[in-house]
Structures are given as structure tokens and as C-alpha cells.
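One structure is given below, encoded as C-alpha cells.
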Amino acid sequence: MLLLSGGTGSPKLLRGLLHFCPETQLTVIANTGDDIWVSGNLVCPDVDTVIYTIAGVSTDRWWGIKNDTFLTHEALVSRGHEEALVIGELDRATHIFRTDIVRQGATLTDATLLLCASFGVSSKVLPMTNDFVPTMLKTDEGEMHIQDFLIKHKQRPSVSQVNCGAGSMTREVEAALGEHDAVVIGPSNPISSIGPILRVNGMREALKERFVVAVSPIIQTEPVSGPARKFMEAARLPVSSVGVAEFYADFLDVLIVDNTDFDISRRDLPGDVEVLRASIIMLDRQHSEELAAEILQVVGQHC
Ligand code: GDP
């Protein structure tokens, strides 16, 4: 099973897939457009959430490690040293571990695979690229890093453009694509979480050769959470599963939409995209497992 993942919606699906697929049979390509340097360390929020989810230590907010403490962050802030993210001690250890390895000359992929091993994770978690390609937004309050938009500015500014950098494909991502005939795209923000993965050189072309199933992150005209509305409007796409299908049109085979989206039919979707209905809100582990079971049936794969 090969999953493309952001940091909130897709990890919920991953939690369900893990019920059926042994860790060793799961490969996840994670967005690194959210990556940011904080207090001297490289933070890769989406990569880390995937690792923490597989290791069973993720919080139910889908960032950071459960039962973490924040003394370092609080001490820094009290001395006037602002941090772009609220980072716990255990989470910070991940960033120090990674940054140390990268500073010694290893790639981000090498560092991530070593991190997986250190957490006892036997799935392959691959950053989408080794290049640093932060997603930058053009807003009415100026150009800013996506993390500043999400946290410092609390998603308030109007967004006119979401600019994802074009990273190079790593040999590990290329090999993972070569090993899988089917790819699942989790219900993450299409523009800011999956969009950067699609900007990796050769990614859209590679996906055209594969059977691709995506879960919509939008129910009717409302994203389940986060700034997908602002980002899809900035990309001039309808805020609906139809807009998601348009964004993925050149490679998508099946889009899973919510049961309540009964208005959407194959005729509304571009090209040859097939529409399937399911219960796609994952409020708990059982919902995640039910959705994962449907997806595994669609891709005809039984882990
Ligand atoms: P980010 O890194 O936190 O922006 O993470 P993502 O991009 O993975 O997650 C945000 C997207 O996931 C939003 O567009 C949500 O609408 C979607 N999402 C979150 N939870 C769910 C869920 O339970 N079901 C579905 N279908 N989508 C979800």
C-alpha cells in the first residue's frame, strides 16, 4: 500500500489502514511543504505526524507526541524568543535527531528512515523530496510561510496564491512508486498538503501510470477542517469534491466522496474519474478502519 499524506486527514486514514496492513507493507510519501526551521532545528510536521501515528504516540490533535511537556518552549517565549510552532520536549528531540543527521551530510530521506527505526516503525516513511521547498502564500498581509499563516496569523489573512516549490524526486520515492500499482491519496488539503507532493518533478506523470484512489477532504461545500476553502478559492477551484477531482483530474481513477454528497455523479467529474460514496468523516478509530476497508476493497488489495 502506498499512501500520499499530509498532516491531519490522511493520518486518520493511516490509523485505519494499519488495522489491515502490516507496517512493513505500508509506504507513505509525506508532504514537506510545511517544513520550517525553528530554533536551529528542521521541523517536518507532516512527516513526523505520520511517524508518530504509526508508532502509536501521536496526539489526538494530530501534531506532536502525546503526554509531551512544553517547558523549553515556554522558557524561550518567556525570554522573548518566539517560535513559529509550539514544540514539546519529546517532539523537539525528533527535530534535533533529524537536524543533526542532516547537518552531517545525510539526506532528509536518510534521516527520516533513521527516525522511523528509532521509533520502531517498520513502514517506510518518505519525505516527498530532499529539497527544502516551503510552501509560501501570497496574502493581503504580505507573503508568508504556510506555518506563519496557520499559527501566527491563525488562518485569518485573505489568500490570493499558494506557491509550492518543485522539489526533485528522490530515488526512494521513485522506487516506492515503481513497487506499487495502486496509490491512495488521503483526505488531506489538496492544495497545501497533496499539492506540494504533486509538484515534485515527475510525480503527476508517475501517478498517471498507476491506479489512484483519493478520499475527498470536503463534504458537500465544507472542508472537514482547516483552510482548504481559502486555498481552493485561491486556486480558482470549486470548494467541493468536484473541485478536488478537477485538481487531480490528470491522474485520478476513483474519488471517494461522502454519503451525503448524493448530488455528485460521474458526469460532474472531469475525465474518467469514477465516484464512490462512503462515510468519510473519521471521528474515531472504528470510522478510520471502516473507510480503510472500503479503500482496500477498491484497490483490490488485501494486506
Ligand atoms: P494539515 O497538514 O493539518 O493541513 O493536514 P491535512 O492537509 O492532512 O488535513 C486537513 C484536511 O483534511 C482538511 O482539508 C480536512 O477537510 C481534511 N480532513 C480532516 N479530517 C478529515 C476526516 O475525518 N475525513 C475527511 N474526509 N477529511 C478530513
Side-chain angles (χ1 to χ4, degrees), residues 3-17 28-36 43-53 58-64 84-86 125 127-128 134-135 137 145-151 154-155 159 162 164 184-198 213-235 237-241 243-245 247-248 254-261 264 275-292 294-295:
L3 175 73
L4 308 191
S5 182
T8 307
S10 302
K12 287 187 200 169
L13 178 62
L14 177 60
R15 163 178 75 179
L17 290 169
V28 183
I29 298 175
N31 170 41
T32 61
D34 284 10
D35 291 10
I36 189 165
V43 181
C44 304
D46 289 1
V47 169
D48 292 344
T49 296
V50 168
I51 294 175
Y52 298 161
T53 300
S58 174
T59 64
D60 47 18
R61 294 181 306 251
W62 304 100
W63 58 267
L85 303 175
V86 179
V125 181
M128 65 188 199
T135 298
L137 309 184
H145 189 291
I146 187 166
Q147 292 294 356
D148 288 333
F149 169 80
L150 293 171
I151 294 161
K154 300 189 167 55
Q155 306 183 18
V159 179
V162 179
C164 310
V184 175
I185 301 185
S188 283
N189 189 313
I191 310 296
S192 63
S193 288
I194 305 301
I197 302 178
L198 300 178
V213 180
V215 180
S216 177
I218 299 178
I219 315 278
Q220 295 171 25
T221 57
E222 285 304 322
V224 178
S225 60
R229 166 174 300 285
K230 282 191 173 181
F231 294 174
M232 291 191 72
E233 284 173 351
L237 287 166
V239 184
S240 67
S241 292
V244 177
F247 191 56
Y248 298 158
V254 179
L255 181 66
I256 305 188
V257 305
D258 194 60
N259 276 329
T260 61
D261 255 318
I264 297 179
V275 59
L276 281 184
R277 261 172 270 280
S279 177
I280 64 168
I281 297 196
M282 294 169 281
L283 296 176
D284 57 26
R285 185 175 291 279
Q286 195 185 335
H287 288 144
S288 299
E289 289 171 8
E290 285 165 7
L291 184 56
E294 301 220 28
I295 290 169

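When a ligand or atom number is given, it counts from 1 through the structure's own listing order. Everything numeric in this text was worked out from a predicted model, so none of it was measured.
Considering S5, P217, P187 only, the shortest heavy-atom separation from atom 12 (O) of ligand 1 involves P187. One option in S193, P45, G6, S192 has a heavy atom closer to atom 7 (O) of ligand 1 than any other, and that option is S193.
Contact annotation: for S188 versus ligand 1, heavy atoms closer than 4.0 Å belong to both the backbone and the side chain. Looking at D46 against ligand 1, only its side chain comes within 4.0 Å, counting heavy atoms. At a 4.0 Å heavy-atom cut-off, ligand 1 touches K12 through the side chain alone. Under 4.0 angstrom from ligand 1, the non-hydrogen atoms of D34 all belong to its side chain.
Close to ligand 1: S216, with a non-hydrogen atom less than 4.0 angstrom away. Between S225 and ligand 1 there is a heavy-atom distance shorter than 4.0 Å.
N189 N, 3.5 Å is the protein heavy atom nearest to atom 11 (C) of ligand 1. Closest to atom 3 (O) of ligand 1, if we only count protein heavy atoms, is T8 OG1, 2.5 Å.
Atoms of ligand 1 lying under 4.0 Å from any heavy atom of I280, numbered from 1 in the order shown and given with element: 22 (C), 23 (O), 24 (N), 25 (C), 26 (N). Interface of A228 with ligand 1, defined as ligand atoms under 4.0 Å from a residue heavy atom, comprises 14 (O). Distances below 4.0 Å separate heavy atoms of I281 from the following atoms of ligand 1: 23 (O), 24 (N). Those atoms of ligand 1 that come under 4.0 Å of a heavy atom in P223, given as number and element, are 16 (O).
In this model, no donor atom of one side chain and acceptor atom of the other lie less than 3.5 Å apart for S192 and T135.
No donor-acceptor pair under 3.5 Å is formed between the side chain of N31 and the backbone N or O of G6. A donor-acceptor pair under 3.5 Å links the side-chain atoms of T49 to the main chain of W62, judged by distance alone.
Residues satisfying the side-chain hydrogen bond (donor to acceptor under 3.5 Å, both in side chains) criterion with Y52, sequence neighbours excluded, are D91, T94.
The six-membered or imidazole ring of F247 lies away from that of F231, with a centre-to-centre distance of 6.0 Å or more.
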